[in-house]
Amino acid sequence: MRIAILYNKPLPSRYDCAGEEEAVTGVLDAVDAVYKALSELGYNVVKVSLAPPLTRMRKRLSSLKAEVVFNLFEGFCGQPDTEALVPEILSETGIPYTGCGGKTLKLALDKVKVKQMLTAAGIPTPDYQLLTTGILDMFRLNYPCIVKPSAEDASHGVTKASIVGDFVSLKEQVKLIEKSYDNKVLVEEFLDGQEFNATVMGNVQCVVLPVSEIVYNLPAKIPRILTFAAKWKINDIYFQGTKSVCPAQIDINTENHIKKTAMAAFHLLGCQGYARVDMRMDKAGTLNIIEVNPNPDISPGAGSIRQAETASMNYPEFVDKILRLAMERAHGH
């Protein structure tokens, strides 16, 4: 079977100016690892990099000589909304592809819409406001808050300064995010409890892989958050003081509750194949969803991979499972 691995060609972008180019080049680690795994499994594999403009991308996709697409495309640099285009175009051409559909990818980028859906479904999520510098006088949340772009992933724009405890720092951060990412700014009440994430795999029948806890070992004055540096910058204090522990050292009731919550969010957003759900507890110990990621990092060493390994699944087996779920969905099972 011939498989095309689709991904975005790393190009100069606004992330370079922000010192955040690692997330873009990080995609290549996943591409190489998936290519190696599929080749080992005996598939005929080809890598296909996509670059703007959209007309060129459409042309490449319509001339693909592949039975299945392994979709690692994360949108063009600085245009996160283009992430949904690949599955949308592939759905038109009828080529099966891995992971979530275009509608889900588009929805998950709209963090406010997701929060509204979670709230309507009775799933706790931190209280929030969508702000710009022009409407800061409408701010009504309780400090401390976390300030982040409303339509980015990979922790873009999240730094130590993202946690604000007064109006002056709130104003500064909102102004910075607005300028760097050209979109409205999401401000949420900051929850300082334990942080967990879980990967869900499946289409209709789903399983939740073992739960991870993000454990912070940082100096007292540094906010316990998963910053961009914690994920990508090896020499940073955040990278060194942030550890993912899997399986999480929690009691069975907490574990079941986390898994049930992750599964509910997966179905609520219409996810398919695989997705990761990030959660955090508030002071009262209530579990809140902070993010649903329908296209998580699957490079070796990433959270989802650690969870798969804890479930006794090696990397090629994990990749094969993703592929089989795509085939299963294409054949209507």
Side-chain angles (χ1 to χ4, degrees), residues 6-9 13-15 23-24 27 30 50-58 60-62 69-121 123 125 128 130 148-158 177 181-186 188 197 199-204 206 262-278 289-298 304 322 325-326 329-330:
L6 290 190
Y7 64 102
N8 27 306
K9 187 179 182 178
S13 73
R14 67 183 180 203
Y15 300 131
V24 179
V27 173
L50 299 173
L54 293 180
T55 45
R56 187 198 302 167
M57 174 174 137
R58 278 186 180 277
R60 279 210 90 167
L61 291 180
S62 57
V69 160
F70 204 104
N71 183 22
L72 293 175
F73 182 70
E74 295 192 344
F76 294 131
C77 293
Q79 298 173 271
D81 53 317
T82 55
E83 185 179 25
L85 288 172
V86 165
E88 281 173 358
I89 296 167
L90 291 174
S91 295
E92 290 165 19
T93 59
I95 300 176
Y97 57 87
T98 61
C100 292
K103 197 177 164 192
T104 300
L105 293 175
K106 197 177 272 182
L107 172 62
L109 271 175
D110 187 345
K111 292 183 169 67
V112 170
K113 182 84 168 62
V114 171
K115 288 171 84 66
Q116 288 167 345
M117 287 174 70
L118 290 168
T119 304
I123 301 169
T125 183
Y128 68 96
L130 206 53
K148 52 192 180 185
S150 68
E152 292 282 345
D153 56 12
S155 288
H156 283 297
V158 179
I177 297 295
Y181 300 95
D182 344 306
N183 56 30
K184 281 194 170 170
V185 182
L186 181 66
E188 290 177 310
N197 64 70
T199 303
V200 185
M201 296 189 83
N203 293 319
V204 182
C206 300
M263 185 83 85
F266 185 89
H267 289 306
L268 183 69
L269 268 72
C271 298
Q272 290 176 307
Y274 64 106
R276 195 191 70 234
V277 182
D278 302 340
I289 288 186
I290 47 176
E291 181 118 29
V292 180
N293 188 340
N295 190 7
D297 180 10
I298 57 163
S304 294
I322 288 174
L325 286 167
R329 185 175 69 202

If you look at every heavy atom in [X] and [Y], which pair is closest and at what distance?
{"X": "Val204", "Y": "His267", "answer": "O-CE1, 3.8 Å"}
{"X": "Thr125", "Y": "Lys115", "answer": "OG1-NZ, 2.9 Å"}
{"X": "Gly75", "Y": "Thr82", "answer": "CA-OG1, 3.2 Å"}
{"X": "Ile123", "Y": "Ala264", "answer": "CD1-CB, 4.0 Å"}
{"X": "Ile289", "Y": "Ala265", "answer": "CD1-CB, 3.5 Å"}
{"X": "Arg276", "Y": "Asn197", "answer": "CD-OD1, 3.8 Å"}

Report the C-alpha separation of Lys111 and Glu291 in whole Å, then their side-chain angles, then the decisive distance to 0.1 Å, and conclude whether the salt bridge (Lys or Arg N to Asp or Glu O under 4.0 Å) test is met.
-> CA-CA 8 Å; Lys111 292 183 169 67; Glu291 181 118 29; 3.7 Å; yes

Indicate yes or no: at least one non-hydrogen side-chain atom of [X] is less than 4.5 angstrom from one of [Y].
{"X": "Val292", "Y": "Leu107", "value": "no"}
{"X": "Leu105", "Y": "Phe73", "value": "no"}
{"X": "Phe266", "Y": "Met201", "value": "no"}

What pairs of donor and acceptor atoms, side-chain ones from residues 95-102 against any protein atom, are under 3.5 angstrom apart with sequence neighbours left out?
| residue | atom | partner | partner atom | Å |
| --- | --- | --- | --- | --- |
| Tyr97 | OH | Ser91 | OG | 3.4 |
| Thr98 | OG1 | Asn71 | N | 2.9 |

To the nearest 0.5 Å, what is the distance between [atom1] ([X]) and [atom2] ([Y])?
{"X": "Asn295", "Y": "Glu83", "atom1": "CG", "atom2": "CD", "answer": "4.5 Å"}
{"X": "Ile298", "Y": "Leu72", "atom1": "CD1", "atom2": "CG", "answer": "5.0 Å"}
{"X": "Asp110", "Y": "Met117", "atom1": "CG", "atom2": "CE", "answer": "10.0 Å"}

Flag, side chain of [X] to backbone of [Y], donor-acceptor distance under 3.5 Å:
{"X": "Asn203", "Y": "Gly273", "answer": "yes"}
{"X": "Thr104", "Y": "Leu269", "answer": "yes"}
{"X": "Asp297", "Y": "Ala30", "answer": "no"}
{"X": "Asn8", "Y": "Phe76", "answer": "no"}
{"X": "Arg329", "Y": "Leu325", "answer": "no"}

Just jot down the side-chain hydrogen bond (donor to acceptor under 3.5 Å, both in side chains) partners of Tyr274, sequence neighbours excluded, or say none.
->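 For Tyr274 there are no side-chain hydrogen bond (donor to acceptor under 3.5 Å, both in side chains) partners, ignoring immediate neighbours.
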
What residue pairs, at least two apart or across chains, pass salt bridge (charged side-chain N to carboxylate O under 4.0 Å, His left out) with a residue in residues 84-98?
->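 Qualifying pairs: Arg58-Glu92, Glu88-Lys106.
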
